[in-house]
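Input: a single structure, listed below in structure tokens.
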Amino acid sequence: MPMKNGLQYIERINKNMADVWLAGEKVKGPISEHRAFKGLMTTQASMYDMQYEEQWKAKMSYPSPLTGDPVGLSFMQPKTKKDLAARREMMQAWAHMHHGFLGRSPDYMNTALMAFSTAAGLLEEGNPQYASNLKEYYEYCREQDITLSHVFIQPKASRIPNVLDFFDYPSAARVVDNNKDGIVVRGSFLIDTQGATSDEILVFPTPSPSTEDENPYAFAFAVPSNLVGIEFVCRESFVGGDSSYNYPLSSRFEEMDTVVIFNDALVPWDRVFICGDEKIALRFFSESHFYNHSSTQIMSKNIAKTEFLLGTIDNMIEAAGLDKYDHVIEKVTEIIVALETLKGLQIAAEKGASRDRWGSMLPDQKPLLVANAYFPKIYPRMIEIVQLIGSSGLIMIPDESDFNSGISGLLNYYLKAINLDAKENVQLSRLAWELSVSSFGGRQAVYERFFFGNSSSVNNRLYHGYSSREMYKKRVKDFLS
Ligand SMILES: Cc1cc2nc3c(=O)[nH]c(=O)nc-3n(C[C@H](O)[C@H](O)[C@H](O)COP(=O)(O)OP(=O)(O)OC[C@H]3O[C@@H](n4cnc5c(N)ncnc54)[C@H](O)[C@@H]3O)c2cc1C
């Protein structure tokens with residue numbers, strides 16, 4: 001099957017029937033009809049449908065190098081600057097569909113897998129079979145349009161395994177056995193966004209140190225989400241309800257996060273990409289340029305999200321007649337500056353791209369590293385601005401049903417805004433509330449702060465990756481001498 005459409009996406013995930021636990025019960029029946037997943041899956045189905053819409057098809061696909069059939073463009077290895085621009089346009093189109101609220105829209109992992117597979121040559125140093133496993137897996141995902149989730153992070157108590165094993169704390173996930181069919185994996189991973197609504201899962205932890213020759217904590221593999229021995233445990237659902245009036249964001253974009261437990265799951269050999277080799281596992285992330293490639297997808301998402309925030313705040317200001325106040329104008333300009341900074345960094349990364357050793361046209365990492373350090377800081381500030389401007393309007397948000405009740409006449413009279421009737425005004429307030437006050441909004445803020453690593457990791461990447469520093473240092477030394 002080449003690119004899939006929305007119905008095919010939904011049918012496949014429903015058929016998958018992974019072991020998903022939510023609020024003390026195993027999810028039964030079609031997951032796409034479950035209240036916690038329905039909205040997200042409908043949104044994502046619309047994104048897959050776009051792949052076949054006349055207006056988008058040419059922008060969203062490219063001919064498969066294997067069959068010539070159209071396959072998703074976010075799987076394409078960029079070899080020229082034109083390819084980079086085409087990838088950007090594709091990712092922007094999807095980002096505008098979800099307004100940046102899906103951190104794990106499928107193009108994220110399509111891009112990550114593309115980056116990993118182009119660097120499969122690195123795995124040949126250890127085991128050529130693993131390199132071809134990875135290349136074949138990438139082709140399989142591209143040709144079948146697989147929806148992929150991923151786990152990199154372990155539970156916090158598992159991060160110093162040698163010491164903690166002794167005290168009966170949970171060990172970091174590890175390979176406990178292997179046989180002619182594959183490796184047996186035991187352990188858990190802290191957070192897998194969209195684990196319950198994806199076809200497959202890519203597992204690639206940062207290896208814990210080990211004294212053994214073959215480090216049992218060093219591995220990477222991908223398996224179907226319904227593999228025997230894998231359990232997904234959901235957090236509480238943040239879907240407020242089905243109504244897009246009451247819950248404009250969570251009814252459409254609530255991406256469930258799950259803890260994933262591997263209970264002696266058997267991973268077939270042909271799905272193993274790294275096993276036992278700690279050095280290769282550590283090198284693979286940076287040398288595959290995973291961060292660079294993924295950052296281009298993240299950029300498109302963050303720009304769409306900032307545009308949406310600016311639009312929301314401008315509507316709020318207009319509705320409340322606040323546009324004459326200087327401090328309000330100043331707050332709006334903070335968001336405009338953020339938006340144009342992100343757009344500038346996106347263009348700079350593309351313009352400064354150069355060919356890497358894997359044959360990819362690699363965007364300049366400096367502007368991308370800057371954006372990765374900048375957005376986690378500016379996003380919470382933008383949310384604060386929504387709160388500062390929205391104030392009590394964010395809290396006084398009657399339900400849609402109130403407008404169909406005996407009190408509607410009075411509500412329609414008293415809750416009017418300058419340019420909106422009462423029902424429209426409350427709808428806008430409910431959007432601002434979901435963004436800045438609700439559990440959905442809180443999770444979005446934590447996501448933006450952490451999803452690419454804690455701030456020390458993100459800043460370290462920038463500090464060590466910002467190669468121009470040496471040149472500037474030398475310039476000052478030359479000046480002084
Ligand atoms: C909503 C959400 C969705 C996510 N989805 C996914 C997903 O789908 N797949 C996935 O793999 N991951 C996912 N992540 C995980 C994300 O990658 C991690 O949150 C991120 O890497 C930070 O790791 P951590 O949460 O364990 O926090 P930590 O790294 O433990 O940081 C917690 C705090 O401790 C501090 N700290 C930690 N270590 C040190 C140190 N050595 N020195 C000084 N300070 C330190 C940090 O600065 C921070 O303040 C998601 C996270 C969130 C919040």
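Just so you know, ligand 1 is whichever comes first in the structure, and atom 1 is the first atom listed for that ligand. Side chains are part of it too, since the values below use all heavy atoms of this structure and drop only hydrogens, waters and symmetry mates. Start at 1 with the first residue, then count along the sequence.
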List by chain and number: which residues place a heavy atom under 4.0 Å from ligand 1?
-> Arg104, His150, Val151, Phe152, Ile153, Lys156, Arg159, Ile191, Asp192, Thr193, Asp257, Arg443, Val446, Tyr447, Phe450, Phe451, Gly453, Asn454, Ser456
Please confirm whether Trp94 and Tyr48 have ring centers closer than 6.0 angstrom.
-> yes
Phe101 vs Phe253 aromatic rings, parallel, tilted or perpendicular, using cut-offs 30° and 60°?
-> parallel
Answer with yes or no after comparing the ring centroid distance for Tyr130 and Phe273 against a 6.0 Å cut-off, counting only values under it.
-> no
Please work out which of the three classes, parallel, tilted or perpendicular, describes the rings of Tyr137 and Tyr140, given edges at 30° and 60°.
-> tilted
Report yes or no: is the cationic atom of Lys305 (NZ for Lys, CZ for Arg) closer than 6.0 Å to the six-membered ring centre of Tyr379, at no more than 45° off its axis?
-> yes
Set of residues satisfying side-chain contact (heavy atoms from CB on, under 4.5 Å) with respect to Val233, sequence neighbours excluded = Trp21, Val259, Ile261
